[in-house]
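Structure, as structure tokens:
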Amino acid sequence: MKRSSLWGWLWVLLGAVYFLLPLYGTFDFSLRAQRGKLSFTAYQSALTDPEFLRTFAFSFRMAVFTIILSILLIVPTAYWVHLRLRRLRPVVEFITLLPFVVPGIILVFGTIKLYSKPITLFGFTLLPALTNTHATTDILLVAGYSVLALPYMYRAVDTGLRTIDVRTLTEAAQSLGAGWGTILWRIILPNLRTALLSGALITFATVIGELTLATFLARPAFGPYLALLGNHKTYEPSALAIISFVITWAAMGVIQYISRGNPSQIAGGR
Amino acid sequence: MAFLELTHINKTFNQTTAVHDFNLAIEGGEFVSFLGPSGCGKTTTLRMVAGFEQPTSGRIVMDGVEITNTAPNQRNIGMVFQSYALFPNMKVADNIGFGLMVAGKPSSEIKKRVAEMLSLIKLEQLGDRYPFQLSGGQQQRVALARALAIRPQLLLLDEPLSALDAKIRVSLRNEIRAIQRQLGITTIYVTHDQEEALSLSDRVVVMNHSLIEQVGTPFEIYNFPKTAFVASFVGTLNSLPAEVLDAATGLLRVDGQEIHTTQPLKAAKNGDKITLALRPELFRLNRTAVGENQLSGRVENILFLGAIVRIQVRLRETLLAMDTFNNPHLALPSLGEEVTVSFSPEACLVLDTK
Ligand SMILES: Nc1ncnc2c1ncn2[C@@H]1O[C@H](COP(=O)(O)OP(=O)(O)OP(=O)(O)O)[C@@H](O)[C@H]1O
Ligand SMILES: [Mg+2]
């Protein structure tokens, strides 16, 4: 074996140890709920806790709403920016990066401060206080999540739009009689399938683990549940960490699988 | 009234004028080309007809109906793009049927029409392919079928062959023309390739710097160019600087040698410097008939262009190119040989008088 490839293998090994050792440690620890033998007891108790199911289901619902809202907001926006407002692209890109700059805690307190009182104009109530009921608080939560998902979702959609010739495809469809709805639904969305899927999965992962917004809006989400669990239990948090790790990797695998050899991505709309 | 009428069309983007006072009437069934160098406003004019751009001023009337401000999806105009612009997520058949699907036609009718179009472009077998599984030439034929499937009143093509290689360009352009004749559809074809424009069109619109230079049949454009630009842009041309000796009789001096022209010298006075234009195929070598002009010089270069041989002759200063048909018995002069080049007085066009 040549010297250089020996070095290469050494680095790969080091990297693998660096990433896999903690994972192995966590996994090993999660199996030791029963003294003296390895078992899946921690997994069993974590998964059968009714709170687990309740909070996971709640966060799952919120994630789905967030994904729908993000797609509805971002696809037409990014499409229009590509088509007609090219000069505004840097501005829009900057806005979508704001969630990285503004901490979640500021987002949630701003939200609470603004929407916990009715919004009025000249004595007319435009919007009642949204934090008063669970349902309206969930609206705030989904809106907040959509903001947090903005950088990922926008980037994914933007990348997807770059792989097709948006302007010419739009004009071709228009000359064939299509209106904006048809163009978005039949041409733009199908060609963004891969991009939307990866955006959606990243959004999903973000929402499922999100702590700050859910805690301060006092909703029974999975993130706060995980945090709480960490304070009370010993082995279950490790089991859940392994489970979320598996879910994340499964999601990435799905993205890989679906984007593999996608004709629309190869043809690039030419 | 003509089928399509463009009257006093102007288009400015911010400060730049893309199209200036464009007037054109196109008859039903006519094949018209817009020909001109890059940036002269061909695409912009076509896009205004398609409805993708709004004219700054002027009117567009199609079949008696003003469509200047009609939305592009209400115009019933088929468009073919340089980049094909097939929908990558749809199979060939769905691409062709897209316009009918949008119009809400029943699927049996769509299927029938798609099959019809596939056989028109001779791609019956490829309906189930995706665009990326086709060659460029096949993709552009599908794009043509897609545009024609909706039975448009007008067909627009913007440099549809520029992305293809030379062989396919020629065969596909003949195919486009054959289909256009078969359907009798009014067509506007944008190109910067003069050969394409001349060989395809009923009429050619030559444009330069956002203006129309000349509108005419290919024969008129080539043989009777109205402006210096048209003469030099269409075909190969020799430009000869000349001095007017006698404006009344058309006596001129080129590089110290005297020749005649029968073309009107406009307002030229004796002693004026003018430019003459001569097509290389109108010269003959060493055979002067009575009444013909004759210039002598030395053979500087001989170029084989296949069917044509181009002989470059140096007068005292000016270099002349003359074309002659190639044949195995052709007696060519040798390099450096003294020759005479002759041409009729009608052949020398007077372009501009300075
Ligand atoms: N959207 C636009 N904004 C600003 N200027 C434009 C726009 N579209 C075209 N122009 C300008 O208008 C002029 C004509 O452009 P046009 O695309 O019509 O040229 P063309 O004849 O089609 O050239 P080519 O052969 O290169 O395609 C050019 O100077 C171009 O820069
Ligand atoms: Mg153009």
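Worth knowing before you read on, the calculation uses all heavy atoms, side chains too, and leaves out hydrogens, waters and symmetry mates. On a predicted model such as this, the values are computed, not experimentally measured, just so you know. Letters go in sequence order (proteins before strands), and every chain restarts at 1.
- With a 4.5 Å cut-off on non-hydrogen atoms, B:Ala147 touches chain A through its backbone but not through its side chain.
- Taking A:Thr182, A:Thr170, A:Ile187 one by one and counting their heavy-atom pairs under 4.5 Å with chain B, the maximum is reached by A:Ile187.
- By the 6.0 Å contact criterion, CZ on A:Phe58 is enclosed, its count of non-hydrogen atoms from other residues, nucleotides or ligands being greater than 12.
- Other residues, nucleotides and ligands place more than 12 heavy atoms under 6.0 Å from the CZ atom of B:Phe13.
- Heavy atoms of other residues, nucleotides or ligands lying less than 6.0 angstrom from CZ of A:Phe65 number 12 at most.
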*Using the side-chain contact (heavy atoms from CB on, under 4.5 Å) rule, take A:Asp165 and B:Phe81 through it: C-alpha gap first, then chi angles, then the decisive distance, then the call.*
CA-CA 12 Å; A:Asp165 183 351; B:Phe81 300 84; over 6 Å; no
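- By the 6.0 Å contact criterion, OH on A:Tyr115 is open, its count of non-hydrogen atoms from other residues, nucleotides or ligands being 12 or less.
- B:Ile77 touches chain A through its backbone: at least one of N, CA, C or O sits under 4.5 Å from a heavy atom, while the side chain does not.
- For the pair A:Ala172 and B:Ala85, the tightest heavy-atom approach, listed with the atom from each and the gap, is CB-O, 4.0 Å.
- The structure places CD1 of A:Ile183 at 8.0 Å from CZ of B:Phe87, a figure rounded to the nearest 0.5 Å.
- Counting non-hydrogen atoms of neighbouring residues, nucleotides and ligands closer than 6.0 angstrom, the CH2 atom of A:Trp185 reaches no more than 12 such neighbours.
- For the pair B:Asn89 (side chain) and A:Leu192 (backbone), a donor-acceptor distance under 3.5 Å is absent.
- The environment of CD in B:Gln125 is sparse: at most 12 heavy-atom neighbours from other residues, nucleotides or ligands sit within 6.0 Å.
- Heavy-atom distances place both the backbone and the side chain of B:Arg146 under 4.5 Å from chain A.
- Across A:Leu169 and B:Pro88, no two heavy atoms sit closer than the pair CD1-CD, 4.0 Å.
- If you take OG on A:Ser175 and CG on B:Leu155, they are separated by 10.0 Å, rounding to the nearest 0.5 Å.
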*Begin from the C-alpha positions of A:Arg186 and B:Phe98 and carry the test side-chain contact (heavy atoms from CB on, under 4.5 Å) through to its verdict.*
CA-CA 10 Å; A:Arg186 299 267 181 182; B:Phe98 182 81; 4.1 Å; yes
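- When all heavy atoms of B:Phe52 and A:Glu171 are compared, the closest pair comes out as CZ-O, 3.3 Å.
- Atom CZ of A:Arg54 sits in a sparse spot, with 12 or fewer heavy atoms from other residues, nucleotides or ligands closer than 6.0 Å.
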